[in-house]
Amino acid sequence: MSIEVKELEFFYNKGTSLEKKALDRVSFSVRKGEFVLIAGGIGSGKSTLIRHFNGLLKPHSGFVTVDGIYSGDKNLRSKIGLLMQYPQRQLFGKTVFEDISFGPSNFGLEGDALKERVNEALILAGLNPDISEISPFSLSGGQMRLVALAGVLSMKPEYIVLDEPTSGLDPDNKISLLSTLKKLHSSGISVIVVSHQIDDFLPFADKVILLKKGSVAFTGSSKEYLCSASSQVPVITSLMKDMKYRGFDVAVDIFSVDEAFNEITRVMRSKGVKKDE
Ligand SMILES: Nc1ncnc2c1ncn2[C@@H]1O[C@H](COP(=O)(O)OP(=O)(O)O)[C@@H](O)[C@H]1O
Ligand SMILES: [Mg+2]
């Protein structure tokens, strides 16, 4: 079971003088249960790509299938959930409950089963079910984003796709969103995150796909990405690369300050430098 993206091409304003190729023969796959980071600079085609996953955009050539079903098919509506870049815009209900229950109630769920589904989704998204009777628009930006995520989770999707989920969040909301995503992933849901702020996700992504000008420039593990990429790596990885360039024999596939500290200490000790020197 997987998402398959094959030779996907997409143009904005096709056939006009403003025609712009946004995706150029993009191919990759996402296996069930994987945590995938789609990285790339602003304008590299990330949002355009994931709008193909649930049929918001239709390819000009190539295709996307989810577990063998072509994207755009209504049978995919509960299988794959998409959290847009500005998820506040996905909210519309007078209450949080109205918002989150919209999807499952359209699928025929009602009464206590519906309430239970909404509570479950709120808890999964890291929110307190007590907020279900208040207006989503009275919440902070970070909480609104989590409500929109709960709306996606209420459909019990097997894949969730999030566009720039940490942008604009304060540090506390960011930590809470990251831990929610890790939990969802360990519960067996495939998580696909699109971000140009890769530091947050590299440490636990199983696979990284880098887009450049609408094409896939790299596919591999996080560690492979750190070793191969010359730009767009976490600051701490840049430091290690710089040390290596200056002749220190340090590993460069490093994501965290702790790992960097251990590696630098190891190299210093191997050169005979002691703690208080
Ligand atoms: N609605 C649109 N009309 C025309 N061009 C667009 C539109 N949306 C995006 N583009 C262009 O397509 C390219 C890819 O955009 P996008 O997928 O939004 O990139 P990213 O999400 O990586 O920042 C960019 O050059 C962008 O300017
Ligand atoms: Mg985008």
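For ligands, and for the atoms within them, numbers begin at 1 and follow the listed sequence.
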K223 side chain to D253 backbone, donor-acceptor under 3.5 Å: yes
Any donor-acceptor pair under 3.5 Å from D163 side chain to S47 backbone: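 The answer is no, because no donor-acceptor pair under 3.5 Å joins these two groups.
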Using heavy-atom distances only, which candidate in S47, G43, G45 approaches atom 24 (C) of ligand 1 most closely?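 Looking at heavy atoms only, G43 sits closest to atom 24 (C) of ligand 1.
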Looking at CG of N13 and OG1 of T16, how far apart are the two atoms once the value is rounded to the nearest 0.5 Å?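 If I round to the nearest 0.5 Å, the distance is 4.5 Å.
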OG/S71 to CG/L56 distance, rounded to the nearest 0.5 angstrom? 9.5 Å
Which of the atoms of ligand 1 are close to [X], meaning less than 4.0 Å from one of its heavy atoms?
| X | value |
| --- | --- |
| S44 | 19 (O), 20 (P), 22 (O) |
| G41 | 22 (O) |
| K20 | 25 (O) |
| I42 | 23 (O) |

Restricting to pairs with a member in residues 28-56, which pass ring-ring contact (aromatic ring centres under 6.0 Å, His included), not counting sequence neighbours? F10-H52, F35-H185, F35-F204
List the closest protein heavy-atom neighbour of [atom]: residue, atom name, distance to the nearest 0.1 Å.
| atom | value |
| --- | --- |
| atom 22 (O) of ligand 1 | K46 NZ, 2.8 Å |
| atom 17 (O) of ligand 1 | T48 OG1, 2.4 Å |
| atom 12 (O) of ligand 1 | Y12 CE1, 3.4 Å |

Other than F11, what residues sit in its cluster of Ile, Leu, Val, Met, Phe, Trp and Tyr side chains whose heavy atoms are under 4.5 Å apart, directly or through others?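 Traced through the cluster, F11 reaches no other member.
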May I ask whether L162 and V30 are part of the same hydrophobic cluster, defined by side-chain heavy atoms of I, L, V, M, F, W, Y residues being less than 4.5 angstrom apart, directly or through others?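 Per the 4.5 Å side-chain linkage, L162 and V30 are not co-clustered.
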Could you check whether atom 26 (C) of ligand 1 has a protein contact, counting only heavy atoms that fall below 4.0 angstrom?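 Under 4.0 Å from atom 26 (C) of ligand 1, zero protein heavy atoms found.
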With 2.8 Å as the limit, jot down which protein N, O or S atoms are around the Mg ion (ligand 2). S47 OG
With sequence neighbours excluded, residues passing salt bridge (Lys or Arg N to Asp or Glu O under 4.0 Å) with R25: none
Counting heavy atoms not belonging to F107, are there more than 12 under 6.0 Å from its CZ?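 Check passes, neighbour count above 12.
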Counting heavy atoms not belonging to F137, are there more than 12 under 6.0 Å from its CZ?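 Yes.
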